[in-house]
Amino acid sequence: MEDQGRATRNPPAGGRPVGHVLGIPVHANASMLLLAVLVTVVYGNYAQSELGLGAPWSYLVGLGFVVCLLGSVLLHELGHAVTARRHGIGVRRITLELLSGWTEMERDAPTPRVDALVSLAGPLVSLLLGGIATVAALLLPADTVPGQIAFQLAVSNVLVAVFNVLPGLPLDGGRALRAGVWALLKDRNRATVVAGWAGRILALLTVVVVFGLYRFGFLTVFGLVFVLLVVLTLWQGAGQSIRLGRMTGRFPLIDLGALARPVLAVPAGTPLGEAQRRRAEDPRPDVVLAVADAAGSLTAVVDPVAAERIPVDRRPWVSVESVARSRDALTTLPLGLTGEQVVRALQAHPGAQYLVTAGEDVVGVLRVADVAAVLEPRRTVPSPRRDNPAPRKDS
């Protein structure tokens, strides 16, 4: 099963560009090379034993089969992409990887109906390809290279179509399940979590079935390992879906005004030790050190990691701006952004600290760790403020 048909808005980055199809950039993950070599060797050996072909012709046939498989994966993903574009959803790229492919879209489906249509378009394409390959396999002699390739493509595409419609994320059937739960609960995020757990249950059931088939001799060791890799991918994808559903459900809790840490600006040239002493005496909690020019305008924000690297006995002799980042190097977030807008801004401009502004005024500093604590409170482990060795004074 060479594809799991994940159509996602924010997939993991990776892959090298290999071209465009219908104006859509197509990328290939480095793991595709491993798949190409593995399938080429396995199918080449099969061609030697069953079709009587010698090397290197048998391995050329194996390579041709790989190309056909990748073509099937690409067409599957194009099913998602074309359907998405027909419903006004932009497509950024398609990426092919070891055991699957995925389509990156510019935004989520606006309605459960569109989500279901985009999700099921891929398996429908695979089923159509399987039907065409089945007809070709019936018309071609079974003991020929074209006949064998047609048969293998028929089996693989039908299996992919059937496997993908199983109801559990990250499979396409899981996206369709999410669409149904979304329509029922009127909450996309809760629906994502439900479909993610369905994916994990599906992965566990698949493991039980696979080991049963292996024990009774219906599956070889190679087949067992290959299917377990698919199950592992399914389990990880389901976990990512559960995490994403929980995180996006907490977007409304992100309030820049509440999360922004107050700023204490000290004049340029102030020793780091003196600046830290002033911060320790500041009654406000979680104060962030900054640097101001002669006119009192903020020009830089102290990098807490860089400040900590300075030995304590040297801090009275190191100026505060030497461990600060220029204001121009920091991304600005205006007050009033929604939680989703804040997250998108952080994704577009990765960093540790961001300036929060109201008009031309800097009202605070947002640290990415504080946003992470809101989105994933269970994964956040409280730790002492490493950039502030003095006890914090709360107001």
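In what follows, every heavy atom counts, from backbone to side chain, and hydrogens, waters and symmetry copies are set aside. In this text the structure is predicted, and so the values were computed from the model without any measurement.
- A heavy-atom distance below 4.5 Å is found between the side chains of Ile254 and Val371.
- The hydrophobic cluster containing Leu129 does not contain Leu120, counting ILVMFWY residues as joined when their side-chain heavy atoms lie under 4.5 angstrom apart, directly or transitively.
- No continuous path of ILVMFWY side-chain contacts below 4.5 Å connects Leu75 to Leu128, so the two sit in separate hydrophobic clusters.
- When side chains are defined from C-beta on, Leu204 counts as touching Trp235, because their heavy atoms get closer than 4.5 Å.
- A distance of 4.5 Å separates OG1 of Thr206 from CG of Leu202, quoted to the nearest 0.5 Å.
- When all heavy atoms are compared, the tightest approach of Leu366 to Val342 is CD2-CG1, 4.2 Å.
- Under the 4.5 Å side-chain contact rule for hydrophobic residues, Leu346 and Leu375 share a cluster.
- When side chains are defined from C-beta on, Thr192 does not count as touching Trp182, because their heavy atoms never get closer than 4.5 Å.
- Residues Gln353 and Val368 have side chains not in contact (no heavy-atom distance under 4.5 Å, counting atoms from C-beta outward).
- In this structure, the side chains of Ser72 and Leu153 come closer than 4.5 Å at one or more pairs of heavy atoms.
- Judged purely by atom type and a 3.5 angstrom limit, Ser119 uses its side chain to pair as donor or acceptor with the backbone of Asp115.
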Item to complete: Could you please spell out the steps behind the side-chain contact (heavy atoms from CB on, under 4.5 Å) verdict for Asn164 and Leu171?
Response: CA-CA 5 Å; Asn164 266 277; Leu171 301 176; 4.3 Å; yes
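- Side-chain contact, Thr248 with Asn189: a donor N or O sits under 3.5 Å from an acceptor N or O.
- Between the Arg367 side chain and the Ala352 main chain, no donor and acceptor come within less than 3.5 Å of each other.
- Other residues, nucleotides and ligands contribute more than 12 heavy atoms inside 6.0 Å of the OH atom of Tyr59.
- Closest of all the heavy-atom pairs between Gly79 and Val125 is CA-CG2, 3.8 Å.
- Salt bridge Arg243/Glu376: present, at least one basic N to carboxylate O contact under 4.0 Å.
- Ion pairing of Glu274 with Arg277 is present here, as a side-chain N (NZ or NE/NH1/NH2) and a carboxylate O approach within less than 4.0 Å.
- Ala268 and Val291 make their closest contact through CA-CG1, 3.8 Å (heavy atoms, listed as atom of the first residue, atom of the second, distance).
- The heavy-atom pair separating Ala150 from Leu140 by the smallest distance is CB-CD1, 4.3 Å.
- The structure places OG1 of Thr111 at 10.0 Å from CZ of Arg188, a figure rounded to the nearest 0.5 Å.
- Judged by distance alone, the side chain of Arg327 and the main-chain N or O of Val301 form no donor-acceptor pair under 3.5 Å.
- Considering CG of Leu337 and CG of Leu256, their distance stands at 5.5 Å, rounded to 0.5 Å.
- Residues Trp102 and Asn29 have side chains not in contact (no heavy-atom distance under 4.5 Å, counting atoms from C-beta outward).
- With respect to Arg261 and Asp370, a salt bridge is recorded, a charged nitrogen being found less than 4.0 Å from a carboxylate O.
- Taking CG of Leu117 as the reference point, atom NE2 of His87 lies at 5.0 Å (rounded to 0.5 Å).
- A donor-acceptor pair shorter than 3.5 Å cannot be found between the side chains of Arg344 and Gln341.
- Using modelled atom types, no side-chain atom of Arg178 and backbone atom of Gly196 make a donor-acceptor pair closer than 3.5 Å.
- A distance of 8.5 Å separates OG in Ser319 from CG in Leu272, rounded to the nearest 0.5 Å.
- Of all non-hydrogen atoms in Ile89 and Ala109, the two that sit nearest each other are CD1-CA, 3.7 Å.
- In this structure the side chain of His76 reaches within 4.5 angstrom of the side chain of Val160, judged on heavy atoms.
- Taking the ring axis of Trp317 as reference, the NZ or CZ atom of Arg314 does not stay both within 45° of it and closer than 6.0 Å to the ring centre.
- Asp172 and His80 are linked by a side-chain donor-acceptor pair at a separation below 3.5 angstrom, with hydrogens and angles left out of the test.
- Once rounded to the nearest 0.5 Å, the distance linking CD of Glu321 with CG of Leu289 reads 12.0 Å.
- Pairing each heavy atom of Ala290 with each of Leu298, the nearest pair is CB-CD1, 3.6 Å.
- By the 4.5 Å heavy-atom criterion applied to side chains, Arg93 and Glu77 are not counted as neighbours.
- The main-chain N or O of Asp293 is never found under 3.5 Å from a side-chain atom of Ser297 such that the two would form a donor-acceptor pair.
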